[in-house]
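First up is the structure itself, then whatever we jot down about it.
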Protein chains: 2
Amino acid sequence: MTDAAPAAEAALRTPRERARARTIEDIVRIGREHLALHGAAALSLRAVARDLGVVSSAVYRYVESREELLTLLLVDAYNELGDAVDAAVGARPENDFTGRFEALGAAVRNWALAQPASYALLFGSPVPGYQAPAERTTGPGTRVVVALVAILDGAWRAGNLSEAGPHAADVDVTALLAADLANIRGEMGLAVPDPVLASGVLVWTSLFGAISFEVFGQYGPDAFVARDELFAHHLGVLARLAGLRT
Amino acid sequence: MTDAAPAAEAALRTPRERARARTIEDIVRIGREHLALHGAAALSLRAVARDLGVVSSAVYRYVESREELLTLLLVDAYNELGDAVDAAVGARPENDFTGRFEALGAAVRNWALAQPASYALLFGSPVPGYQAPAERTTGPGTRVVVALVAILDGAWRAGNLSEAGPHAADVDVTALLAADLANIRGEMGLAVPDPVLASGVLVWTSLFGAISFEVFGQYGPDAFVARDELFAHHLGVLARLAGLRT
DNA sequence: ATCTAGTCAAGAGCAGTGCTCACAATTGTT
DNA sequence: AACAATTGTGAGCACTGCTCTTGACTAGAT
């Protein structure tokens, strides 16, 4: 642990480094397959080693522990989700804030339904005994919420956002909460006022709440055949809750 | 598996049955402790057996498998949450619908923060390889949402509910979605119109989304010191979203 | 009181897991 | 070709869920 960071960013010149990087990529790829097939808690380094065609102890040359592999998969999934969201949002005109918001929500939902195990790793209950190292996950882990507040802040600056949405207008923002919101506004360089920001947080959590219920099967197997329509309705309400004009 | 159900409902007269029931209670109690301490995925029948002062294979006399114990704990947790919600809601006057709604939300959040592992078992990512048997969990599992729609339906019948809340009024409810809502209205004997019901589903999922983010640490360790205030704000907005007058 | 039948705990055992370590094989570099 | 760093091997430890046989016990019927 002298200074491996510059080496990691270097061009991987030596064959050893190239081979090592390729092996780690293989391990992550096989881990992703196992994650998708059997879920995060069933992820086994021994099984990954078998698929890699190597004895179990060999993978510890490349991955420190099972947790380390989980962290790699976590960052991988966060970036995949972030890419999907950025692509979907970027496909809409820059001034179509409502369209961008709906694209964001739909992108998260589609990715979650396509990769339920990865989604569970990111937004489900934390896997036991595993604490995601903040310094490696906060960056990719906040891409979605950063994109969301970027949309809301852009709409606010463009004058396309109601003061607080029709309902949040008369809900108090206490002094303590206002202090938190001021911190966030400062750190992210936002212009939106408190009621919009507070409602935005609720919209953020509500979006993932609706998606989690669907992905995790909380609706039950029978209720809500028309889940696309249900989610579209929720997105419409949430857009209004955020203050977006339609 | 001839007909054990009537025997289970009988008075447990014989000493054998009494001792057996007591042992199962002990197992569930120890399981709850382990669940709270180490989480659902780390729940080990062997560890439970050790705490029970018995060899590991002995617990299989009382509990068919690890899944069986998880199901017992699941039902236990659902009922505990349902009891907490019912008590909190029942403490408010019957016609104070907004108060009842806020009491429901606060009760769920308080229980979740006090029992994060149990909450994760109920509303987090499903534990791998474990499928909750619907016939034993749907009853207690729906108590919270039943209590929620009871509040909204009562408010509607009492004329204390806006047609759809200020924002949901102009969000379409498509024909497909209306069919689902009609089913739900029929099964639960509700009177609320489609926009209220659709918004109610969103309020339901949003409530758990906000609580899950807080319990599962999605907010991050630093953001939102004033989490009580944040949740109170969200509850206020959600009440208005549901159409409750304040 | 004895016999019988049901119940229960014990312990061995199987297959799997994460992880460590000493040793051997390989491979890039000198 | 020789050296040294790296990588793969296999044994081993402690743990898990779960099964099965064996022996002890107990409750009710004779």
Side-chain angles (χ1 to χ4, degrees), chain A residues 1-2 4 7-8 10-27 30-31 34-35 37-73 127-131, chain B residues 1-4 7-8 10-28 30-31 34-35 37-73 127-131:
Chain A
M1 277 278 181
T2 55
L12 303 185
R13 262 186 303 281
T14 79
R16 279 251 161 92
E17 283 170 338
R18 287 181 51 93
R20 183 174 182 82
R22 276 185 56 97
T23 304
I24 292 183
E25 277 174 27
D26 286 348
I27 291 175
I30 295 171
H34 286 207
L35 179 65
L37 283 177
H38 316 293
L43 182 73
S44 154
L45 274 188
R46 290 183 114 113
V48 170
R50 275 193 296 273
D51 275 20
L52 195 62
V54 97
V55 88
S56 74
S57 58
V59 293
Y60 286 89
R61 288 266 129 96
Y62 302 94
V63 158
E64 211 173 31
S65 66
R66 195 186 99 105
E67 289 198 9
E68 163 97 22
L69 179 55
L70 276 177
T71 301
L72 293 177
L73 295 172
V127 334
Y130 169 68
Q131 185 65 16
Chain B
M1 278 276 182
T2 55
D3 47 357
L12 303 184
R13 262 183 305 279
T14 79
R16 278 257 164 86
E17 284 169 338
R18 286 182 50 94
R20 181 173 186 82
R22 275 185 55 96
T23 304
I24 292 183
E25 277 173 28
D26 287 348
I27 290 175
V28 170
I30 295 172
H34 286 209
L35 179 65
L37 284 177
H38 315 293
L43 183 73
S44 153
L45 274 188
R46 289 184 116 112
V48 171
R50 274 193 296 273
D51 275 21
L52 194 62
V54 96
V55 87
S56 73
S57 59
V59 292
Y60 286 90
R61 298 269 144 169
Y62 302 94
V63 158
E64 211 173 32
S65 66
R66 184 177 172 268
E67 288 198 10
E68 163 98 21
L69 179 55
L70 276 177
T71 300
L72 292 177
L73 294 172
V127 336
Y130 170 66
Q131 186 64 17

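To find a chain, count down the sequence lines: A is the first, B the second, and so on, and within it residues start at 1. The structure presented is a predicted model; accordingly, all values stated were derived computationally and were not measured.
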Is there a side-chain polar atom (N or O) of [X] under 4.0 Å from OP1 or OP2 of [N]?
X      : N       : answer
S44(B) : dT16(D) : yes
Y62(A) : dG8(D)  : yes
Y60(B) : dC8(C)  : no
R50(B) : dT16(D) : yes

May I have the distance from [X] (atom [atom1]) to [N] (atom [atom2]), rounded to whole angstrom?
X      : N       : atom1 : atom2 : result
R66(B) : dT17(C) : CZ    : C1'   : 13 Å
R18(A) : dT27(C) : CZ    : P     : 16 Å
E17(A) : dA5(D)  : CD    : C1'   : 13 Å
H34(A) : dT17(C) : NE2   : P     : 10 Å
R46(B) : dT17(C) : CZ    : P     : 16 Å
R61(B) : dG11(C) : CZ    : C1'   : 13 Å
D51(A) : dT17(C) : CG    : P     : 11 Å
E68(B) : dC18(D) : CD    : P     : 11 Å

Compare the minimum distances between each of [options] and the side chain of [X], then state the nucleotide with the smallest one.
X      : options                   : value
L45(B) : dA10(C), dG17(D), dT9(D)  : dG17(D)
S57(A) : dG10(D), dC18(D), dT7(D)  : dG10(D)
T14(A) : dT29(C), dT17(C), dG11(C) : dT29(C)
V54(A) : dG8(D), dT16(D), dG12(D)  : dG8(D)
V55(B) : dA10(C), dT9(D), dC19(C)  : dA10(C)

Checklist entry - So L73(A) and L43(A), side chain to side chain contact (heavy atoms under 4.5 Å, CB included) or not? Walk me through it. => result CA-CA 11 Å; L73(A) 295 172; L43(A) 182 73; 3.8 Å; yes

Next on the checklist: Can you confirm whether T23(A) sits close enough to R61(A) that some side-chain heavy atom of one is under 4.5 Å from a side-chain heavy atom of the other?
Outcome noted: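 A side-chain contact is absent here, since even the closest heavy-atom pair is not under 4.5 Å.
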
Next on the checklist: Mind checking if S65(B) touches a base, just sugar-phosphate, or nothing, with heavy atoms under 4.0 Å?
Outcome noted: sugar-phosphate

Checklist entry - What nucleic acid atoms does L43(B) come within less than 4.0 Å of, heavy atoms only: base, sugar-phosphate, or nothing? => result sugar-phosphate

Item to check | Considering all heavy atoms, the nearest H34(B)-V48(B) contact | outcome: CE1-N, 3.8 Å

Next on the checklist: Whether the side chain of S56(A) and the base of dG18(C) hold a donor-acceptor pair under 3.5 Å is what I'd like checked.
Outcome noted: no

Item to check | Interatomic spacing from CD1 in I27(A) to CG in L45(A) - rounded to 0.5 Å | outcome: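 Those atoms lie 8.0 Å apart.
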
Item to check | Nearest-0.5 Å distance, CZ of residue R66(B) to OG1 of residue T71(B) | outcome: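 R66(B) CZ to T71(B) OG1: 11.0 Å, rounded to 0.5 Å.
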
